[in-house]
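What follows is a single structure, written as structure tokens, with notes after it.
The structure presented is a predicted model; accordingly, all values stated were derived computationally and were not measured. First the proteins, then the strands, lettered A, B, ... as listed; each starts at 1.
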Amino acid sequence: MEVITLPHLEQHPLSVCLFRNVQNAAFLRQQLLQANHDFEYAFLDASVLLSRTHVLAACFRAITDVLHARLKSHNVHSEIVFALSPNNNIADSFRRFGISDQSTNILAIKVGGDASQIEAHLMQHVQGTPVLFTDATLQTMRDPARIRKIYRVDVASKEAEAFILGTMALKGS
Amino acid sequence: MSPDSGTPYLPAPFTTSPTPLTLITRGAEAALYKTTFLTPHQPCALKIRPPKPWRHPTLDARLTRQRILAEARALVKCGREGVRVPQVLGMSWEEGWVALEWIAGRTVKDVIWGWRAEGAEKGDAWLRGLLGKVGRAVGLLHSIGVVHGDLTSSNMIVEEQGSTAGEGEIVLIDFGLATQAVQEEDRAVDLYVLERAFGSTHPREEALFGVVLEAYAGSYKGAKATLKRLEDVRMRGRKKSMIG
């Protein structure tokens with residue numbers, strides 16, 4: 001697990017862990033649906049994540065929206081999932097970027113909290129292999145066709161990142 | 001808010017952050033800071049449009065929102081169409097800030113002044129090469145239906161590419177007055193503004209401005225028509241309607 005501090009949001013550290021070959025996505029999703037307070041994470045399906053920057057931009061947007069009390073969904077973690085989406089449909093954003101029962105590669109993010117407790121909790125409940133959260137790892141998990149379709153770009157690569165970040169930043173305007 | 005009035009306006013979350021912000025420049029509408037964004041290693045240009053206390057708050061919020069969004073939309077459109085501009089990393093139209101990719105390099109203005117200061121020893125051909133790039137960059141921008149609105153040699157950066165300073169691509173910056181217009185007139189006025197600005201910033205190089213227009217002429221279909229319209233604009237100035 002990695003603790004990431006975003007510049008300008010030092011009071012809101014992110015605990016981030018990328019898992020490969022997760023066996024119990026259905027269980028994790030169930031916890032989210034039941035609003036189990038022990039599972040307040042943003043669980044993202046890694047196949048639609050382009051890069052670290054892509055994820056961090058969503059986190060920045062979500063946290064600033066919390067600070068200004070303009071959440072569109074119910075908490076900061078669901079807002080991270082929503083922030084990735086190019087449109088304003090919340091259910092749609094959960095379906096695309098959140099985990100499904102079939103997800104195998106999952107990125108877990110928690111804003112704030114005690115890093116060691118979060119790590120222990122994730123290791124206990126996520127049945128998968130923690131791997132380094134890097135652009136290289138994400139690339140092996142990526143489903144380019146889905147990313148192209150979601151953001152309507154020609155290539156799901158680093159070149160498309162500029163446009164994707166811009167689309168996310170402009171969302172809701 | 002006068003340019004040197006005490007503490008500058010910063011919106012949250014930048015107020016409480018220990019991450020340093022360095023003021024680069026301050027204009028009438030906005031202040032530009034250099035800082036980092038998303039990771040401590042990613043430099044960014046943070047453009048902040050402070051509230052204007054002389055305007056009614058409701059009007060102020062609406063104008064700030066409209067202008068910052070127009071700028072971001074133009075930049076995102078350029079990014080999608082392959083025109084090299086700073087990418088939008090994040091923004092908030094409510095608080096009036098936009099985080100842009102930091103472009104490393106020197107402005108075309110500084111490069112031309114530098115060329116002159118060195119006694120033009122790199123030669124005319126070198127400067128012509130640079131001006132050709134400027135013409136093609138503006139042409140590419142116009143070809144996708146974006147008009148910059150404030151083309152000057154200080155709103156263009158020659159991107160640093162390794163050790164060869166002054167040889168990189170032209171990156172257009174400051175889209176604060178950009179509009180997405182497809183009218184020939186708007187494009188012609190854009191060129192006219194550049195022509196006039198170039199003449200006063202670089203009087204000794206003014207004769208070479210034709211190189212910019214030549215490169216522009218070949219850069220997209222419709223460029224010829226715009227240049228023809230430019231002749232009309234030169235005759236009358238940039239205000240067509242003569243109202244206001």
CZ-CG distance between A/Phe19 and A/Leu107, expressed to the nearest 0.5 angstrom: 9.5 Å
A/Tyr41 and A/His121: side-chain donor and acceptor closer than 3.5 Å? yes
So which of A/Thr64, A/Leu6, A/Leu170 has the largest heavy-atom pair count under 4.5 angstrom toward chain B? A/Leu170
Contacting region of A/Arg52 [heavy-atom separation from chain B under 4.5 Å]: neither
Atom group of B/Leu75 that falls short of 4.5 Å from chain A, counting heavy atoms: neither
Contacting region of B/Glu101 [heavy-atom separation from chain A under 4.5 Å]: neither
Okay, B/Thr15 and chain A: the region with an atom under 4.5 Å from a heavy atom over there is neither
Would you say the side chains of B/Arg73 and A/Ser173 form a donor-acceptor pair under 3.5 Å? yes
For the candidates B/Val98, B/Leu89, B/Val76, which exhibits the highest count of non-hydrogen atom pairs separated by less than 4.5 Å from chain A? B/Val76
Taking only Lys NZ, Arg NE, NH1 and NH2, and the carboxylate oxygens of Asp or Glu, determine whether A/Lys171 and A/Glu79 approach each other closer than 4.0 Å. no
Short question: side chain of A/Ser78, backbone of A/Asn75 - any donor-acceptor pair under 3.5 Å? yes
